[in-house]
Amino acid sequence: MSASAPALELDTAARLRASIGKLSRRLRPTAAGAAAGLTPTRISVLFTIARRGPIRLSELAQAEGLNPTMLSRVIADFAESGLVTRACDPGDRRAALVEATTAGRKLCDRMLGERTDVLEVALAALDDTDRRAVEQALPVLERLAHVLKDRRG
């Protein structure tokens with residue numbers, strides 16, 4: 001946002017950022033993730049592997065903003081727990097690929113289901129006008145997410 005942006009736009013951006021942050025923090029904890037002993041960082045890594053795998057460790061480290069040493073420990077723990085498999089990249093034997101196992105994908109599905117259930121309950125607590133407003137805002141929020149997709153600080 002430029003220094004000459006109207007105050008309303010700056011206030012809107014700040015309020016939206018704060019609201020998204022609160023929603024994200026309140027949706028992050030899940031019983032399935034806690035039962036598996038996963039921290040928010042480990043949950044994020046597992047979701048990225050499930051969504052984008054098989055994925056090279058270097059690409060995963062970049063996507064998650066983690067240093068390779070920490071990521072190697074996380075992947076080793078996941079492999080030991082049966083959540084991911086690790087293999088040599090057939091195109092470059094020096095590189096490793098990781099992929100979510102069936103157990104890893106099922107865990108991700110359970111966590112996403114819990115988050116969806118929590119949102120459904122919260123949306124049901126809103127009145128019809130507010131629920132419609134959320135529904136009408138979704139296409140704009142989806143476009144905003146797309147605009148921000150490739151942004152790296």
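Counting from 1, the numbers follow the sequence of the chain as shown.
In this structure, the side chains of Thr101 and Arg105 stay at 4.5 Å or more apart for every pair of heavy atoms. Contact of the Leu60 side chain with the Ile75 side chain is registered, since non-hydrogen atoms from C-beta on lie closer than 4.5 Å. When side chains are defined from C-beta on, Leu119 does not count as touching Thr116, because their heavy atoms never get closer than 4.5 Å. The side-chain heavy atoms of Asp117 and Glu114, taken from C-beta on, include no pair separated by under 4.5 Å. Side-chain contact check for Leu83 versus Ile49: every heavy-atom pair is 4.5 Å or farther apart. For the pair Thr129 and Arg132, the minimum side-chain heavy-atom distance is below 4.5 Å. For the pair Val98 and Thr85, the minimum side-chain heavy-atom distance is 4.5 Å or more. Counting heavy atoms from C-beta on, the side chains of Leu46 and Val74 never come closer than 4.5 Å.
Leu112 and Leu123 are members of different hydrophobic clusters when ILVMFWY side chains are connected at heavy-atom separations under 4.5 Å. Leu144 and Leu23 end up in different hydrophobic clusters when Ile, Leu, Val, Met, Phe, Trp and Tyr side chains are linked at under 4.5 Å. Note on Leu57 and Phe47: same hydrophobic cluster, where clusters join Ile, Leu, Val, Met, Phe, Trp and Tyr whose side-chain heavy atoms are under 4.5 Å apart, directly or indirectly.
With hydrogens and angles disregarded, a donor-acceptor distance shorter than 3.5 Å links the side chain of Ser19 to the backbone of Arg15. In this structure, the side chain of Thr48 engages the main chain of Ser44 through a donor-acceptor pair within 3.5 Å. Remark: the backbone N or O of Ala13 is not paired with any side-chain donor or acceptor of Arg17 at under 3.5 angstrom.
Considering CG of Leu27 and NZ of Lys22, their distance stands at 14.0 Å, rounded to 0.5 Å. One finds the CG atom of Leu16 at 3.5 Å from the CD1 atom of Ile20 (value rounded to the nearest 0.5 Å). Separating the CD1 atom in Ile55 from the CD atom in Glu64 is a distance of 8.5 Å, to the nearest 0.5 Å.
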Next item on the list: Please test Arg56 against Asp92 for side chain to side chain contact (heavy atoms under 4.5 Å, CB included), starting from the C-alpha separation and ending with a verdict.
Entry: CA-CA 10 Å; Arg56 282 182 170 201; Asp92 180 354; 3.3 Å; yes
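Minimum heavy-atom separation, Cys88 to Arg93: CB-NH1, 3.6 Å. In plain terms, the two heavy atoms of Cys108 and Ala50 that are nearest each other are SG-CB, 3.8 Å. Between Leu107 and Ala36 the shortest heavy-atom distance is CD2-CB, 3.9 Å. Listed here is the closest heavy atom pair of Arg115 and Ile43: NH2-CG2, 3.7 Å. In this structure, Leu38 and Arg42 approach most closely via the heavy-atom pair CD2-CB, 4.1 Å. Met111 approaches Ala32 most closely through the heavy-atom pair CG-CB, 3.9 Å.
No more than 12 heavy atoms of other residues, nucleotides or ligands sit less than 6.0 Å from atom CD of Glu80. At most 12 non-hydrogen atoms from other residues, nucleotides or ligands lie less than 6.0 angstrom from CZ of Arg26.
Checked for salt-bridge contact, Arg94 and Asp89 miss the test: no charged N lies under 4.0 Å from a carboxylate O. The pair Glu99-Arg86 does not meet the salt-bridge criterion, since no charged nitrogen lies less than 4.0 angstrom from a carboxylate oxygen.
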